[in-house]
S.K.: 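Below you will find the structure I want to go over with you.
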Protein chains: 2
Amino acid sequence: MKMDKISCKEELTALRDSLEILGGKWKLQIMRYLSNRPTEENNFKKIKQGIPGISAKMLSKELKDLEINLLINRTVRDTKPLTVAYSITNYGKSVVPVTSMLVNWGLEHREKIIKNYN
Amino acid sequence: MKMDKISCKEELTALRDSLEILGGKWKLQIMRYLSNRPTEENNFKKIKQGIPGISAKMLSKELKDLEINLLINRTVRDTKPLTVAYSITNYGKSVVPVTSMLVNWGLEHREKIIKNYN
DNA sequence: CTGGATCCCTTGTGATACTG
DNA sequence: CAGTATCACAAGGGATCCAG
């Protein structure tokens, strides 16, 4: 936990750094999916089916990005046909609170919107 | 605070709802900027100068989106020349924890990356 | 099964000039 | 001051086919 006082500009820079790593349509969804299944064998196909609407191309790209940033592990199993298991790293678990917060926010936002229409 | 158990698919849907409202390059930065200045007169020009890199076009568009979603207020002052004040709504304050978390995450991520290069 | 390569359309974003 | 209009380009993302 950071306790130093930082300026607004520094805050915005940090915020941008986060968004650069975690932003976009899919990354947080993938992180959430994997964090919900820490013990299972999460192979490519299974993840693709678990995240509605994502294409193979996007999933492939996003997984690569997340791996580069040390947020997930990619393990190739020498089976035949070969399979690949993806899992969250310990470091990657640091984004779980972020996704939790957004999940709750999304639920409450929908409630709020619905209330406004009644 | 939600205590109901929800399925992973529902979680991802809620996450997507959040990202639809708050996602993109600028919305969270704008929210952060405004939440840091709740008492000041935040006019268009000032916000534009406070958020490095944003264009007038984008700022205009994003402010409109945020207003539609009830996250910020837009108040036209009948001065001359006319000025417009933007401020966070009470509801909009609910996203402050999200931005705080991302600011901290961004700071720590940078530290981590630097450490990995040494 | 995993996922790279290619093609192509849509959307996002920036620069510039301009209006009320 | 507070934006809008227009153009132009980059990035995002889907579909399809193909290879290890």
Side-chain angles (χ1 to χ4, degrees), chain A residues 12-13 15-31 33-34 37 40-69 71-88, chain B residues 12-13 15-31 33-34 37 40-69 71-88:
Chain A
L12 292 185
T13 303
L15 188 48
R16 239 178 332 209
D17 288 347
S18 291
L19 295 176
E20 198 161 312
I21 309 296
L22 303 173
K25 193 172 173 181
W26 302 113
K27 294 215 176 64
L28 286 177
Q29 288 190 66
I30 295 170
M31 291 301 286
Y33 180 90
L34 290 177
R37 292 165 183 69
E40 296 172 45
E41 278 292 305
N42 296 300
N43 58 38
F44 190 89
K45 191 181 180 187
K46 201 169 156 193
I47 301 173
K48 181 160 166 10
Q49 291 172 338
I51 300 178
I54 196 167
S55 67
K57 174 182 156 188
M58 277 299 112
L59 181 54
S60 171
K61 177 184 164 298
E62 303 288 72
L63 286 170
K64 211 177 290 174
D65 291 346
L66 292 171
E67 191 194 358
I68 288 172
N69 283 295
L71 294 168
I72 63 173
N73 289 311
R74 179 177 187 275
T75 317
V76 180
R77 310 244 186 255
D78 200 5
T79 53
K80 70 171 176 160
L82 92 165
T83 57
V84 180
Y86 294 94
S87 62
I88 284 227
Chain B
L12 292 185
T13 302
L15 187 48
R16 242 183 324 217
D17 288 345
S18 291
L19 294 176
E20 198 161 310
I21 310 296
L22 302 173
K25 194 172 173 181
W26 302 113
K27 294 215 175 67
L28 286 177
Q29 289 189 68
I30 295 170
M31 291 300 287
Y33 180 90
L34 289 177
R37 292 165 182 70
E40 296 173 46
E41 276 292 304
N42 296 300
N43 59 38
F44 190 89
K45 190 182 181 188
K46 200 168 155 195
I47 301 173
K48 180 162 167 7
Q49 290 171 340
I51 300 178
I54 196 168
S55 67
K57 176 180 154 189
M58 275 301 111
L59 181 54
S60 171
K61 176 184 164 299
E62 303 288 70
L63 285 171
K64 213 174 289 176
D65 290 347
L66 292 172
E67 193 196 355
I68 288 171
N69 282 295
L71 295 169
I72 63 174
N73 289 312
R74 180 178 186 276
T75 317
V76 181
R77 309 245 187 253
D78 200 6
T79 54
K80 69 170 181 160
L82 93 166
T83 57
V84 179
Y86 293 94
S87 62
I88 285 226

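In what follows, chains are A, B, ... by sequence order, proteins preceding strands, each numbered from 1.
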S.K.: Is there a side-chain polar atom (N or O) of B:Asn43 under 4.0 Å from OP1 or OP2 of D:dA2?
M.R.: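 Yes, because at least one side-chain N or O of B:Asn43 sits under 4.0 Å from OP1 or OP2 of D:dA2.
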
S.K.: Which heavy-atom pair separates B:Ile72 from B:Met31 by the least distance, and what is that distance?
M.R.: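 Scanning both residues completely, I find the closest heavy atoms to be CG2-SD, 3.9 Å.
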
S.K.: Consider the side chain of B:Leu82, meaning its heavy atoms from C-beta on, and name the nucleotide among D:dG14, C:dG20, C:dC1 that approaches it most closely.
M.R.: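 Nucleotide nearest to B:Leu82's side chain: C:dG20.
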
S.K.: Whole Å only: how far is the CE atom of B:Met58 from the C1' atom of D:dA5?
M.R.: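 Spelled out: CE on B:Met58 to C1' on D:dA5 is 13 Å.
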
S.K.: Please report the closest heavy-atom contact between A:Tyr86 and A:Leu34, naming both atoms and the distance.
M.R.: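 Between these two residues, the closest heavy atoms are O-CD2, 3.9 Å.
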
S.K.: Within the structure, does a side-chain N or O atom of A:Ser60 lie under 4.0 Å from either OP1 or OP2 of C:dG4?
M.R.: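 So the side chain of A:Ser60 is within the cut-off, an N or O lying under 4.0 Å from OP1 or OP2 of C:dG4.
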
S.K.: What nucleic acid atoms does B:Lys46 come within less than 4.0 Å of, heavy atoms only: base, sugar-phosphate, or nothing?
M.R.: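 Since no nucleic acid heavy atom lies under 4.0 Å of B:Lys46, the category is nothing.
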
S.K.: With sugar-phosphate meaning primed atoms plus P, OP1 and OP2, does A:Gly23 contact a base, only sugar-phosphate, or nothing at under 4.0 Å between heavy atoms?
M.R.: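 The residue A:Gly23 makes no contact with any strand.
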
S.K.: From the set C:dT13, D:dT4, D:dC1, return the single nucleotide nearest to any side-chain atom of B:Ala56.
M.R.: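 So the nucleotide nearest the side chain must be D:dT4.
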
S.K.: Quick one: A:Asp65 CG to D:dG12 C1', roughly how many Å, whole number?
M.R.: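 Result: 12 Å.
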
S.K.: Run the side chain to side chain contact (heavy atoms under 4.5 Å, CB included) test on A:Asp65 and A:Leu71 for me, step by step, so that the C-alpha distance in whole Å, both residues' side-chain angles and the decisive distance to 0.1 Å come before the verdict.
M.R.: CA-CA 9 Å; A:Asp65 291 346; A:Leu71 294 168; over 6 Å; no

S.K.: CD of B:Glu62 versus P of D:dA2: gap in Å, rounded?
M.R.: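 So the CD-P distance, B:Glu62 to D:dA2, works out to 18 Å.
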
S.K.: Can you check whether B:Lys45 has a side-chain N or O nearer than 4.0 Å to OP1 or OP2 of D:dC1?
M.R.: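 So the side chain of B:Lys45 is within the cut-off, an N or O lying under 4.0 Å from OP1 or OP2 of D:dC1.
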
S.K.: Can you name the nearest heavy-atom pair linking B:Glu41 to B:Ala85, along with the distance?
M.R.: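 In terms of heavy atoms, the two residues are closest at OE1-CB, 3.5 Å.
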
S.K.: Given D:dG13, D:dC1, C:dC1, which nucleotide is nearest the side-chain atoms of A:Trp26?
M.R.: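 The answer is D:dG13.
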
S.K.: What does A:Arg77 touch in the nucleic acid at a heavy-atom separation under 4.0 angstrom: a base, only the sugar-phosphate, or nothing?
M.R.: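 A:Arg77: no heavy atom of the nucleic acid under 4.0 Å.
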
S.K.: So B:Lys64, base contact, sugar-phosphate only, or nothing? Heavy-atom distance under 4.0 Å.
M.R.: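 Touches sugar-phosphate only.
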
S.K.: Ion pair present between A:Lys46 and A:Glu40, side-chain N to carboxylate O less than 4.0 angstrom?
M.R.: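 Salt bridge between A:Lys46 and A:Glu40, a charged N being under 4.0 Å from a carboxylate O: yes.
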
S.K.: Given D:dC1, is OP1 or OP2 found less than 4.0 Å from the side-chain N or O atoms of B:Tyr86?
M.R.: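 No, because none of the side-chain N or O atoms of B:Tyr86 sits under 4.0 Å from OP1 or OP2 of D:dC1.
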
S.K.: How is A:Lys25 classified with respect to the nucleic acid when contacts are heavy atoms under 4.0 Å: base, sugar-phosphate, or nothing?
M.R.: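 Sugar-phosphate contact only.
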
S.K.: Among D:dA15, D:dC1, C:dT2, which nucleotide has an atom closest to any side-chain atom of A:Val84?
M.R.: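 Taking heavy atoms from C-beta onward, the closest nucleotide is C:dT2.
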
S.K.: Starting at the 5' end of DNA chain C and moving along, which residue's nearest nucleotide shows up first, A:Leu63 or A:Lys57?
M.R.: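 Mapping each residue to its closest nucleotide by heavy atoms, the 5'-most match is A:Leu63.
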
